[in-house]
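Worksheet: one structure, shown below.
In this text, all values refer to a predicted model and were calculated from it rather than measured experimentally. The analysis underlying the following values was restricted to heavy atoms, covering all of them including side chains, and did not include hydrogens, waters or symmetry mates.
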Amino acid sequence: MVAGWTFAQKPIILPLQQHKLLYADTVHRKAVASKDSLMLAEAYYLYGKTYEAAGDLLTSQRWFLKSLAILEPRGDSFNLSRLYFRLSRNESRQRHYLETRHYAQLSLAVARRIRSTQALGRAYSAMADFYVIDWSNGGKKLGWPKSKLDSAHYYQKADEALIENDHKDFLVQLNRLSLIANRLWYEKSDPNGISYLQKALDLAEKEKEPTWQFRIMREMAGMYLSMNKPKPAWQWLRRTDQFLAQSPFANSQTDQDWLEKGYRDYYLQIGDWQRAYEHTEKIHELERNNYITDRDGAVTRLGLEYETEKKEAQLKAQQKELALRAENLLAQKRSMLAMSALLLVTAAMSVVFFRLYRKNQRISRQNAELVKEQNHRVKNNLQVVSSLLSLQSNRLDDETARTAVGESQMRVETMAILHRRLYDSDALAQVNLQEYIPELVDIVLQTYGNIHIQPLYDIELIELSADRALALGLLLNELTTNACKYAFPSHSDPVFRISCQHKNNQIKLCVADNGAGFAPPLLTDLSSKSQLSFGMRLIQMQVEQLRGSYQFTNSGGTLFTLKFNRL
């Protein structure tokens, strides 16, 4: 058997896939926001799968166990059987005999109880893999057995029967055909494994599944090399090489490393030592590149884990804050009861206070109605101004002038949104930023035709006075407009993040995009104020009105950070 070609026993390790981590992070945030424990378990499972594919088994196991803590108390389900299967594979790769057997048996038991064909296929595969492994080398003192091929054969046959009767999920069929082929050859040197690989390749070509086509061609080449049949192995190597050059789905660095090892082993079999040496040198170069990639991936992973733990800590802090508010409400209720008792004792004074209270209430309602009417009229006037600007823009021929009028219209619309919020809200002079900011950003994105962009919000429950909210809204309007004009058109996958946090009476606003970035003059550089654009001068003026400080930084895009006191 040629070194490096045992597919059934040595899984393919991929670089850490950042897009899958980002998807898992999105599911995690949605689960926390909606308080959906099943969705949270799915997020943990996705994290575990991603790290498992990258070969980081310890991190993968930690995420799987967090998912298990949610799913296990809920009883039998497909997701629980699937999770047991993953845990069994992880423990098998770490050579943990008892744990591998335990999770494989649990996966099979749950699959049988729920009568899921897909879950049974996974469980049979886990049991067959467990019995294939020779455990005696690592557990002689504990009496662990060697491989039990009869038992492995039993579960393999059960898996084959499922494949014949189940045609719903062709990806599951492909995976099981590949596992059976590898078991037949690497357990019993049975060349019939080739026929199962051919069935899998025919199915992958029929379903137009390029990732599986590439993988099965690799296994064909590896199996022929392990049979010491260099001629057919060479044909499959060349076919795999051509497929790799044409396929956009292949992982270039990992797959190229695999291909170089194939060529090296082929030339070793035919005795061409010079070419075998050349491919060995290429393998060493790829390994050096892989080391650098793994190191960078580890740094990224640590950063993501830190952010996840940070979000969990923030969630706990919010829960504590809610509990404190509940205690305050209870204390207020007790105070009201005490006041009521006092009022009952002093009946005469109660009548006086009641009349005064009714009078004050009447005055307050009148004042509230006046303020609401004022906000309504201001909103209507601003909408009239916005409509006039729109009509004026349609009559202009100069594109620069139309753009300037359009931007002015958006600024007026920002003020109109604020007054509509004040009119619709019960609070007369306070604005809820959790509702105000998304509404403002969405209108700007719609205006510039970026409705496909889904901004990522992380906004705490903060209420701000009307004049400070207006300054913040004008500033945010300019930042979103700049992103629509300069960041999003230059990027195929635009991302827009907005966070607003409150701590120690200070509010911190962060607005970030993944565009090309830019470096505006610093606020403290008074000599450069005359060179600033109107939008930048407007941002600067709003920051001064808020009596805050700001900065722009470039880190994979543009990041704007603003800090100001709430009061």
Return the [atom1] to [atom2] distance between [X] and [Y], rounded to the nearest 0.5 Å.
X	Y	atom1	atom2	value
Lys320	Arg325	NZ	CZ	15.5 Å
Arg122	Leu83	CZ	CG	11.0 Å
Arg62	Ser67	CZ	OG	13.5 Å
Cys510	Leu479	SG	CG	11.0 Å

Original post:
Is the ring centre of Phe496 less than 6.0 Å from the ring centre of Phe488?
Top reply: yes
**OP:** Please find out if less than 6.0 Å separates the ring center of Tyr550 from that of Phe560.
**Re:**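 Under 6.0 Å, so yes.
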Original post:
Does NZ or CZ of Arg82 fall inside the cone over Tyr45's six-membered ring, less than 6.0 Å from its centre and within 45° of the axis?
Top reply: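 Cation-pi check for Arg82 and Tyr45: passes.
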**OP:** Go through the structure and list residues passing salt bridge (Lys or Arg N to Asp or Glu O under 4.0 Å) with Arg566, not counting sequence neighbours.
**Re:**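 For Arg566, no residue satisfies salt bridge (Lys or Arg N to Asp or Glu O under 4.0 Å) once neighbours in sequence are set aside.
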Subject >> Residue pair Asp76 / Leu80: nearest heavy atoms and the distance that separates them >> reply: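 Heavy atoms only, the tightest pair is CA-CD2, 4.3 Å.
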**OP:** Considering non-hydrogen atoms only, spot the tightest contact between Leu538 and Glu478 and give its length.
**Re:** CD2-OE2, 3.4 Å
Quiz question: by atom type and distance under 3.5 Å, do the side chains of [X] and [Y] form a donor-acceptor pair?
X	Y	result
Tyr84	Glu72	yes
Ser60	Arg86	no
Ser465	Asp467	yes
Gln61	Asn90	yes

**OP:** Begin from the C-alpha positions of Leu329 and Gln332 and carry the test side-chain contact (heavy atoms from CB on, under 4.5 Å) through to its verdict.
**Re:** CA-CA 5 Å; Leu329 287 173; Gln332 290 175 4; 3.8 Å; yes
Side-chain donor/acceptor of [X] to backbone N/O of [Y], under 3.5 Å:
X	Y	result
Gln434	Ile459	yes
Thr447	Ile443	yes
Glu460	His502	yes
Asp513	Gly515	yes
Gln501	Asp458	yes
Thr480	Val441	no
Asn450	Ile453	no
Thr50	Leu21	no
Thr558	Asn554	no

Subject >> Pair Leu65-Leu68, side-chain contact (heavy atoms from CB on, under 4.5 Å): steps then yes or no >> reply: CA-CA 5 Å; Leu65 291 175; Leu68 185 64; 4.2 Å; yes
Hey, is [atom1] on [X] packed in by over 12 heavy atoms from elsewhere, all under 6.0 Å?
X	atom1	result
Phe78	CZ	yes
Arg497	CZ	no
Tyr457	OH	yes

**OP:** Go through the steps to decide whether Tyr47 and Asp25 satisfy the test side-chain contact (heavy atoms from CB on, under 4.5 Å), and finish with yes or no.
**Re:** CA-CA 8 Å; Tyr47 280 127; Asp25 190 50; 3.3 Å; yes
**OP:** Could you walk me through whether Leu509 and Leu475 pass side-chain contact (heavy atoms from CB on, under 4.5 Å), step by step?
**Re:** CA-CA 11 Å; Leu509 173 72; Leu475 183 149; 4.2 Å; yes
